[in-house]
Each structure stands twice: as C-alpha cells, then as structure tokens.
Amino acid sequence: MSDLIPRLSREKLHPELEAFLQPRIERLGYLGEFFQCTAHQPKALLSFLEFTDHLKHALPNNLTEVVALTVAQLMNNRYERVQHERLSLKLGFGEDWLREVLSLLVDGRGHLSEQEVLVQRLVVAAITRKGHDVTLELEAVVGSLGPAMTIAVLMLVGRYVSHALNLAAPVPSPLEMKL
C-alpha cells in the first residue's frame, strides 16, 4: 500500500479497535501493516473483522485456508499468503498440502480432498474469469457443500480479494525458510 496512507501505531488505534485487535497482536507479536492502514476507518475495520470471524465459523478450517491461500496466490498477496501458510502449518495441514494448494493445479490427484479441490476450482474460476461463466464450478461446490457453505466460500473470496493491498509480509514464509 502506498506510503500516502500513514500507518497508525497501536497507541493511536481507536480504543474499541485496539481492544478487538489485542489478542491478535499478542499472538503474532506485532500490529500488521494492513491494520495499521485500515485503522483509519475503525468502525468499518471492526465490521470487516467481525465479518471475517463469522465466515471462519461458517466453514471448516481446511476450506477457509484453501480460499485464503488460493486468493492470496492469485492476487500475488505475499502479506496474506505468508500469514496463511503459517496458520495452515499450525493447524496441521502439512507442507505437502500447503504446496499443493499454492500450486493452483487443482487436478485432484494429490493431497487435497475432493471438497478442497472443488472449492479451489471455484475460487480460481471466479477470480480469473472475473465472476463470469463459473456455473459448472459453482454447481459442483453447491452439490458438495450445500448452499450455505457455498455462500460462505464466495463471501470469503470477496473478503480476501479486498485484502490484496500489496503489503510486504511481516515475517518470512515458512516454506522459504526451508529452501
């Protein structure tokens, strides 16, 4: 994100936003640049964070991570990709699973479950085709997950697309550290 938007320190956050972010800051050990920038709109950011939390409860972790990582990879969003690489490994999905998600191959012959493959195909199609001509992929996900979870997937895609602000990753990628 451009340097035209000043980064707000934790001390300059709106009190309600600071309270909401405190557990995240303590867990990560820093206030991420995304929050430093978007904190200029504290009420909107709080709504965005609550929206994110609701969606995380609407889907199992594996599908949430497939969406987050796929969008981050497609949008070249290193900031978000690294965060979700770390979270995926912490959740126990493993390096092979993670590398397969990031490859965007979606061929169904690797470590991803059938549902994960269908979700990734929908995400890739929705972004690369700009939301057009995704009926086949959408039908497959609705058939596998049902309408409510499919809507959660689509809303999560929108959430992560809105997060693609060209920010630097605050920490190294766990995959790059092993190279």
Side-chain angles (χ1 to χ4, degrees), residues 20-35 38 45-127 134 137-138 140-165 167 169-178:
F20 191 94
L21 288 174
Q22 182 177 348
R24 212 177 241 118
I25 294 167
E26 289 175 3
R27 185 188 72 216
L28 296 173
Y30 58 85
L31 175 63
E33 189 177 7
F34 175 80
F35 300 116
T38 56
L45 180 54
L46 279 168
S47 295
F48 182 80
L49 293 168
E50 290 169 351
F51 174 74
T52 300
D53 286 348
H54 290 300
L55 289 174
K56 285 183 180 178
H57 296 295
L59 292 170
N61 288 337
N62 65 320
L63 297 182
T64 297
E65 292 310 301
V66 166
V67 172
L69 289 162
T70 301
V71 173
Q73 191 73 333
L74 287 166
M75 303 293 291
N76 197 25
N77 182 352
R78 189 174 182 337
Y79 180 94
E80 197 71 7
R81 193 196 78 228
V82 169
Q83 297 300 314
H84 285 277
E85 286 174 359
R86 293 177 59 180
L87 179 56
S88 293
L89 293 173
K90 183 178 177 184
L91 291 170
F93 297 133
E95 271 189 50
D96 291 338
W97 182 91
L98 182 54
R99 288 182 191 281
E100 185 175 339
V101 172
L102 293 172
S103 77
L104 304 177
L105 295 177
V106 292
D107 63 7
R109 292 186 241 162
H111 296 89
L112 300 184
S113 70
E114 180 182 349
Q115 286 185 334
E116 292 164 345
V117 168
L118 294 174
V119 165
Q120 189 171 53
R121 284 180 181 155
L122 175 59
V123 174
V124 169
I127 291 175
V134 297
E137 293 85 359
L138 186 61
V141 174
V142 171
S144 181
L145 301 179
M149 287 177 69
T150 301
I151 291 299
V153 166
L154 294 171
M155 293 176 88
L156 202 57
V157 169
R159 181 260 184 252
Y160 284 109
V161 167
S162 71
H163 204 288
L165 301 173
L167 301 172
V171 294
S173 164
L175 298 179
E176 291 168 358
M177 293 169 37
K178 296 195 179 236

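This structure is a prediction, so every number in the text was calculated from the model and none was measured. Just the heavy atoms: all of them, side chains too, but no hydrogens, waters or symmetry mates, feed the values below.
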Legend entry - Inter-residue atom distance L102.CG - E95.CD, 0.5 Å rounding: 11.0 Å
Inset, instruction - State whether the number of non-hydrogen atoms from other residues, nucleotides or ligands found under 6.0 Å of E114 atom CD is greater than 12. - result: no
Legend entry - side-chain hydrogen bond (donor to acceptor under 3.5 Å, both in side chains) partners for E50, two or more places apart: none
Legend entry - Step-by-step side-chain contact (heavy atoms from CB on, under 4.5 Å) determination, W97 to L112: CA-CA 7 Å; W97 182 91; L112 300 184; 3.2 Å; yes
Legend entry - R99 vs L175 side-chain heavy atoms within contact, under 4.5 Å: yes
Legend entry - Residues which pass side chain to side chain contact (heavy atoms under 4.5 Å, CB included) with R27, listed by chain and number, not counting sequence neighbours: R24, K90
Inset, instruction - Using the side chain to side chain donor-acceptor pair (under 3.5 Å) rule, collect all pairs that involve residues 147-158, keeping only residues at least two apart or in two chains. - result: none
Inset, instruction - Check the pair V123 / V66 against side-chain contact (heavy atoms from CB on, under 4.5 Å), numbers first and verdict last. - result: CA-CA 9 Å; V123 174; V66 166; 5.8 Å; no
Inset, instruction - Any chance you could measure L74, atom CG, to L104, atom CG, to the nearest 0.5 Å? - result: 5.0 Å
Legend entry - Results of side-chain hydrogen bond (donor to acceptor under 3.5 Å, both in side chains) for S162 - residues two or more places apart only: none
Legend entry - ring pair (Phe, Tyr, Trp, His ring centres under 6.0 Å) partners of F20, counting only residues at least two apart: none
Inset, instruction - Mind checking the NE2-CG spacing from H54 to L49? Nearest 0.5 Å is all I need. - result: 11.0 Å
Inset, instruction - Apply side-chain hydrogen bond (donor to acceptor under 3.5 Å, both in side chains) to R81 and list each qualifying residue two or more places apart in sequence or on a separate chain. - result: E85
Inset, instruction - Identify, with sequence neighbours excluded, every residue that meets salt bridge (charged side-chain N to carboxylate O under 4.0 Å, His left out) alongside E100. - result: none
Legend entry - Sidechain-backbone polar pair: Y79 side chain, E33 backbone, donor-acceptor under 3.5 Å: yes
Inset, instruction - Decide yes or no on side-chain contact (heavy atoms from CB on, under 4.5 Å) for V71 and N77, but give the supporting numbers first. - result: CA-CA 8 Å; V71 173; N77 182 352; over 6 Å; no
Legend entry - With L122, the side chain to side chain contact (heavy atoms under 4.5 Å, CB included) member among V141, V157, I127, V117: V141
Inset, instruction - Quick one: pull up CG in L55 and CE in M155 and give me the separation to the nearest 0.5 Å. - result: 5.5 Å
Legend entry - Residue pairs involving residues 55-75 (criterion side chain to side chain donor-acceptor pair (under 3.5 Å); sequence neighbours excluded): N62-E116, E65-H84, E65-S88, T70-Q120
Inset, instruction - With sequence neighbours excluded, tell me which residues meet ring pair (Phe, Tyr, Trp, His ring centres under 6.0 Å) with F35. - result: none
Legend entry - Contact summary for G94 and L89, nearest pair of heavy atoms: C-CD2, 3.7 Å
Give the table of side-chain donor-acceptor pairs shorter than 3.5 Å for residues 142-149, with sequence neighbours excluded, one pair per line with atom names and distance.
residue : atom : partner : partner atom : Å
S144    : OG   : Q115    : NE2          : 3.3

Legend entry - Contacts of F48 that satisfy ring pair (Phe, Tyr, Trp, His ring centres under 6.0 Å) - sequence neighbours left out: F34
Legend entry - Heavy-atom pair with the smallest gap, counting every atom of V82 and P172: CG1-O, 3.6 Å
Inset, instruction - Please name all residues satisfying side-chain hydrogen bond (donor to acceptor under 3.5 Å, both in side chains) with R78, sequence neighbours left out, ordered by chain then number. - result: E176
Legend entry - Point-to-point distance, once rounded to the nearest 0.5 Å, from OG of S103 to CG of L98: 10.0 Å
Legend entry - Rounded distance [0.5 Å steps], CZ in F51 versus CG in L46: 15.0 Å
